[in-house]
A.B. asks: 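Following this message is one structure expressed as structure tokens.
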Amino acid sequence: MLCLLVVCGLFWAGNYFYNYAVVPSDKSFLHHSTKLSKLEQSNQLWFTQQTKKNWYLTSQDQLKLHAIYLPAQDIHSPNYVIIAHGYMSQAKNMYDYAKMYHDLGYHVLMPDARGHGKSQGNYIGFGWPERKDYLQWIQKIIKNNPQSHIVLHGVSMGAATVMMTSGEHLPKNVRAIIEDCGYSKVTDELAYQLKQLFHLPAFPLVPITSLITQWKAGYSFEQADALKQLAKNQTPMLFIHGKRDTFVPFKMLNEVYQATSAPKEKYIVPKATHASAYKTNPAAYQQRVQQFLAKYNS
């Protein structure tokens with residue numbers, strides 16, 4: 001009887017954590033400031049005034065996925081960027097990065113991750129199932145322009161997404177990848193968050209929740225490992241992280257940076273917290289991105 005009670009209790013706890021972390025909903029533990037800087041307000045207004053298109057595709061598991069497409073001023077430009085947003089965000093919130101790349105002459109594609117924005121889905125993939133979605137977005141761009149030069153740029157969960165995508169067989173059109181404050185492994189990030197938010201150990205809750213995620217969403221946390229994907233990566237990468245990041249701990253920067261043998265650079269922003277490297281110093285951020293792309297997407 002005691003064993004049965006323990007098993008039932010663990011299953012209940014795992015299912016609770018699944019709903020808390022994996023099911024898209026309002027997340028009380030996300031305390032992002034709603035106050036925008038003048039630059040952010042300006043970029044947001046700029047973005048709303050642009051002529052954009054809606055792109056759609058059907059994922060391999062039959063979800064209808066949505067993206068915002070903003071063409072470059074020069075319609076003949078070969079340069080494209082796919083911008084990946086973070087956990088419980090959406091494409092339209094990535095206006096700062098859209099403005100930066102548009103100013104650099106890029107066509108901008110901003111997907112809503114599955115379960116976010118206007119994309120279908122009843123779970124969050126933490127970058128693992130999304131990597132296959134990104135392969136499809138890449139192919140959609142290539143179909144639109146076979147001579148395209150494509151950059152992947154992700155922030156937070158979006159950064160994990162592009163790192164996980166990096167380990168797949170990418171077409172030569174993909175010239176560079178930029179990850180900004182992505183986590184090394186989903187298991188490590190969730191273990192860190194359990195300790196930070198609930199003062200609980202990772203075992204046995206993370207493995208049990210992973211089993212429930214495998215059952216309900218078709219993937220396990222153990223599969224979602226950016227380090228294993230980076231070990232297969234051959235695309236030049238720029239790794240960005242704020243030194244004051246306490247959501248995806250700063251120590252993960254060296255883990256992901258060391259995981260790939262491809263051409264790589266590191267950009268540390270000393271005063272930046274999580275996902276704030278751009279707004280901490282927009283000019284320096286853009287300059288570093290531009291310098292990196294001049295080497296690998298020129």
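The shown structure was predicted, so the numbers you read here are calculated from the model rather than taken from an experiment.
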A.B. asks: With distance as the sole test, does Tyr183 use its side chain to make a donor-acceptor pair with the main-chain N or O of Phe126 at under 3.5 Å?
C.D. replies: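 Present.
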
A.B. asks: Cationic tip of Lys52 within the cone over Phe47's six-membered ring, i.e. under 6.0 Å and within 45° of the normal?
C.D. replies: yes

A.B. asks: To the nearest 0.5 angstrom, please state how far the NE2 atom of His241 sits from the CD atom of Glu179.
C.D. replies: 7.5 Å

A.B. asks: One pair to check against side-chain contact (heavy atoms from CB on, under 4.5 Å): Asp96 and Asn43. What are the steps and the verdict?
C.D. replies: CA-CA 6 Å; Asp96 286 328; Asn43 289 345; 2.8 Å; yes

A.B. asks: Go through it in stages, so that I can follow the logic: the residues are Trp128 and Tyr219, the test is ring pair (Phe, Tyr, Trp, His ring centres under 6.0 Å), and I'd like the CA-CA distance, side-chain angles, deciding distance and then a yes or no.
C.D. replies: CA-CA 8 Å; Trp128 186 245; Tyr219 77 97; 8.2 Å; no

A.B. asks: Using side-chain heavy atoms (C-beta onward) and a distance below 4.5 Å, is Val108 in contact with Tyr80?
C.D. replies: no

A.B. asks: Please check if the side chain of Ser166 supplies one atom and the backbone of Met163 the other of a donor-acceptor pair under 3.5 Å.
C.D. replies: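 Side chain of Ser166 to backbone of Met163: a pair is present.
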
A.B. asks: Is the backbone N or O of Lys38 less than 3.5 Å from a side-chain atom of Ser42, with the two atoms forming a donor-acceptor pair by type?
C.D. replies: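 No: the side chain of Ser42 does not pair with the backbone of Lys38.
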
A.B. asks: For His153 and Tyr97, what are the C-alpha separation, side-chain angles and deciding distance, and is it a ring pair (Phe, Tyr, Trp, His ring centres under 6.0 Å)?
C.D. replies: CA-CA 9 Å; His153 188 132; Tyr97 305 91; 5.5 Å; yes

A.B. asks: Do Val248 and His274 make a side-chain contact, defined as non-hydrogen atoms from C-beta onward lying under 4.5 Å apart?
C.D. replies: yes

A.B. asks: Membership question, hydrophobic clusters at under 4.5 Å side-chain separation (ILVMFWY): are Val269 and Val155 in the same one?
C.D. replies: yes

A.B. asks: Checking side chain to side chain donor-acceptor pair (under 3.5 Å) for the pair Tyr106/Asp74: CA distance, chi angles, key distance, verdict?
C.D. replies: CA-CA 8 Å; Tyr106 280 70; Asp74 176 6; over 6 Å; no

A.B. asks: Any carboxylate oxygen within less than 4.0 angstrom of a Lys/Arg side-chain nitrogen, looking at Glu168 and Arg131?
C.D. replies: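 Result for this pair is yes, salt bridge flagged.
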
A.B. asks: Any side-chain heavy-atom pair from Thr235 and Arg175 closer than 4.5 angstrom?
C.D. replies: no

A.B. asks: Would you find more than 12 non-hydrogen atoms of other residues, nucleotides or ligands less than 6.0 Å from Lys64 atom NZ?
C.D. replies: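 Counting other residues, nucleotides and ligands, NZ of Lys64 stays at 12 neighbours or fewer.
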
A.B. asks: Using atom types as modelled and distance alone, determine if a side-chain donor or acceptor of Gln41 lies under 3.5 Å from a backbone N or O of Leu36.
C.D. replies: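 At least one qualifying donor-acceptor pair exists.
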
A.B. asks: Is Ser59 reaching over with its side chain to a backbone N or O of Asp133, donor-acceptor style, under 3.5 angstrom?
C.D. replies: no

A.B. asks: For a side chain to side chain donor-acceptor pair (under 3.5 Å) check, start with the C-alpha distance between Tyr267 and Asp180, then their side-chain angles and the critical distance, and finish with the verdict.
C.D. replies: CA-CA 9 Å; Tyr267 174 40; Asp180 183 340; over 6 Å; no

A.B. asks: Testing the basics here: between Ile178 and Tyr101, what is the closest heavy-atom pair and its distance to 0.1 Å?
C.D. replies: CD1-OH, 3.2 Å

A.B. asks: Do we get Lys264 above Tyr257's six-membered ring, with its NZ or CZ under 6.0 Å from the centre and within 45° of the axis?
C.D. replies: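 Yes, cation above the ring, under 6.0 Å and within 45°.
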
A.B. asks: Could you please spell out the steps behind the side chain to side chain donor-acceptor pair (under 3.5 Å) verdict for Lys118 and Asn54?
C.D. replies: CA-CA 10 Å; Lys118 296 181 180 179; Asn54 292 310; 4.7 Å; no

A.B. asks: Side chain to side chain donor-acceptor pair (under 3.5 Å), that's the test. Do Glu222 and Ser210 meet it? Break it down for me.
C.D. replies: CA-CA 7 Å; Glu222 291 76 16; Ser210 180; 2.5 Å; yes

A.B. asks: Is a salt bridge present between Glu255 and Lys185, judged by a nitrogen-to-oxygen distance below 4.0 Å?
C.D. replies: no

A.B. asks: In Å, rounded to the nearest 0.5 Å, how long is the span from OH of Tyr134 to OG1 of Thr165?
C.D. replies: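 Going from the OH atom of Tyr134 to the OG1 atom of Thr165 covers 7.5 Å.
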
A.B. asks: For Tyr20 and Phe198, I'd like to know if the aromatic rings sit close, meaning centre-to-centre distance below 6.0 Å.
C.D. replies: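 Centroid distance Tyr20-Phe198: below 6.0 Å, so yes.
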
A.B. asks: If I take atom CG from residue Asn145 and atom CD1 from residue Ile150, how far apart are they, to the nearest 0.5 angstrom?
C.D. replies: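 So the gap between those two atoms works out to 8.5 Å.
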
A.B. asks: Can you give me the closest heavy-atom contact between Asn233 and Ala262, atom names plus distance?
C.D. replies: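 The answer is ND2-CB, 3.5 Å.
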
A.B. asks: Do you know the tightest heavy-atom contact between Ser148 and Asn173?
C.D. replies: O-ND2, 3.0 Å

A.B. asks: Is there a chain of hydrophobic side chains (I, L, V, M, F, W, Y, each step under 4.5 Å between heavy atoms) that links Leu197 to Leu190?
C.D. replies: yes

A.B. asks: More than 12 foreign heavy atoms under 6.0 Å from CD of Gln234: is that the case here?
C.D. replies: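 Not more than 12 within 6.0 Å, no.
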
A.B. asks: Before you tell me yes or no, could you show the steps for Lys53 and Leu70 under side-chain contact (heavy atoms from CB on, under 4.5 Å), namely the whole-Å CA-CA distance, both residues' side-chain angles and the distance that decides it to 0.1 Å?
C.D. replies: CA-CA 7 Å; Lys53 297 179 181 179; Leu70 174 62; over 6 Å; no

A.B. asks: Decide yes or no for Leu109 and Ile68: does some side-chain heavy atom of the first lie under 4.5 Å from some side-chain heavy atom of the second?
C.D. replies: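 Not touching, per the 4.5 Å side-chain cut-off.
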
A.B. asks: With the side chain counted from C-beta on, respond yes when Ser119 and Leu63 share a heavy-atom pair under 4.5 Å apart, and no when they do not.
C.D. replies: no

A.B. asks: What is the distance from atom CE of Met164 to atom NZ of Lys132, rounded to the nearest 0.5 Å?
C.D. replies: 13.5 Å

A.B. asks: Mind checking the CE-CD1 spacing from Met110 to Ile82? Nearest 0.5 Å is all I need.
C.D. replies: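 These two atoms lie 12.5 Å from each other.
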
A.B. asks: Any donor and acceptor pair, going by atom type alone, linking the side chain of Asn19 with main-chain N or O of Asn15 inside 3.5 Å?
C.D. replies: yes

A.B. asks: Give me the atom names and distance for the closest heavy-atom approach of Cys181 to Ala159.
C.D. replies: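 The pair with the smallest heavy-atom distance is C-CB, 4.3 Å.
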
A.B. asks: Would Asn281 and Lys271 count as having a side-chain donor-acceptor pair, cut-off 3.5 Å?
C.D. replies: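 No pair is found: no donor N or O on one side chain lies under 3.5 Å from an acceptor on the other.
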
A.B. asks: Sub-3.5 Å donor-acceptor pair from the side chain of Gln136 to the main-chain atoms of Thr58, do we have one?
C.D. replies: yes

A.B. asks: Below 4.0 angstrom, N of the basic side chain to O of the carboxylate: do Arg114 and Asp61 qualify?
C.D. replies: yes

A.B. asks: Give a yes or no answer on whether the side chain of Glu130 reaches the backbone of Gly127 with a donor-acceptor pair at less than 3.5 Å.
C.D. replies: yes

A.B. asks: Within a strict 4.5 Å, meaning less than it, do heavy atoms of the Gln286 and Leu104 side chains meet?
C.D. replies: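 A side-chain contact exists here, since the closest heavy-atom pair is under 4.5 Å.
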
A.B. asks: Would Ile83 and Tyr285 show up in the same hydrophobic cluster when neighbours are defined by side-chain heavy atoms closer than 4.5 Å?
C.D. replies: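 Looking at the clustering, Tyr285 is in the same group as Ile83.
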
A.B. asks: Around atom NZ of Lys92, are there more than 12 heavy atoms from other residues, nucleotides or ligands closer than 6.0 Å?
C.D. replies: no

A.B. asks: Does any N or O in the side chain of His66 come within less than 3.5 Å of the main-chain N or O of Asp112, such that one atom is a donor and the other an acceptor?
C.D. replies: no

A.B. asks: For residues Ile268 and Ile177: do they belong to one hydrophobic cluster (side chain heavy atoms under 4.5 Å, members Ile, Leu, Val, Met, Phe, Trp, Tyr)?
C.D. replies: yes

A.B. asks: Could you check if a side-chain atom of Met100 sits within less than 4.5 angstrom of a side-chain atom of Gln290, using non-hydrogen atoms only?
C.D. replies: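 Contact flag for Met100/Gln290 side chains = no.
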
A.B. asks: Does Val256 belong to the same Ile/Leu/Val/Met/Phe/Trp/Tyr cluster as Tyr296, with side-chain heavy atoms less than 4.5 Å apart forming each link?
C.D. replies: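 In one cluster with Val256: Tyr296, no.
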
A.B. asks: Is it true that the NZ or CZ of Lys216 lies under 6.0 Å from the centre of Tyr123's six-membered ring and within 45 degrees of the ring axis?
C.D. replies: no

A.B. asks: Check whether more than 12 heavy atoms from other residues, nucleotides or ligands sit under 6.0 Å from atom NZ of Lys251, and answer yes or no.
C.D. replies: no

A.B. asks: How about His199 and Lys195: do any of their side-chain heavy atoms sit closer than 4.5 Å?
C.D. replies: no

A.B. asks: As an exercise, state the distance from CD of Glu40 to OG of Ser37, rounded to the nearest 0.5 Å.
C.D. replies: 3.5 Å

A.B. asks: Would you find a donor on one side and an acceptor on the other, under 3.5 Å apart, between the side chain of Gln223 and the backbone of Ser220?
C.D. replies: yes

A.B. asks: Evaluate the criterion side-chain contact (heavy atoms from CB on, under 4.5 Å) for residue pair Thr260 and Phe239; output intermediate values, then yes/no.
C.D. replies: CA-CA 11 Å; Thr260 184; Phe239 296 83; 3.8 Å; yes

A.B. asks: Evaluate whether atom OH of Tyr16 has more than 12 neighbouring non-hydrogen atoms of other residues, nucleotides or ligands under 6.0 angstrom away.
C.D. replies: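 Open.
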
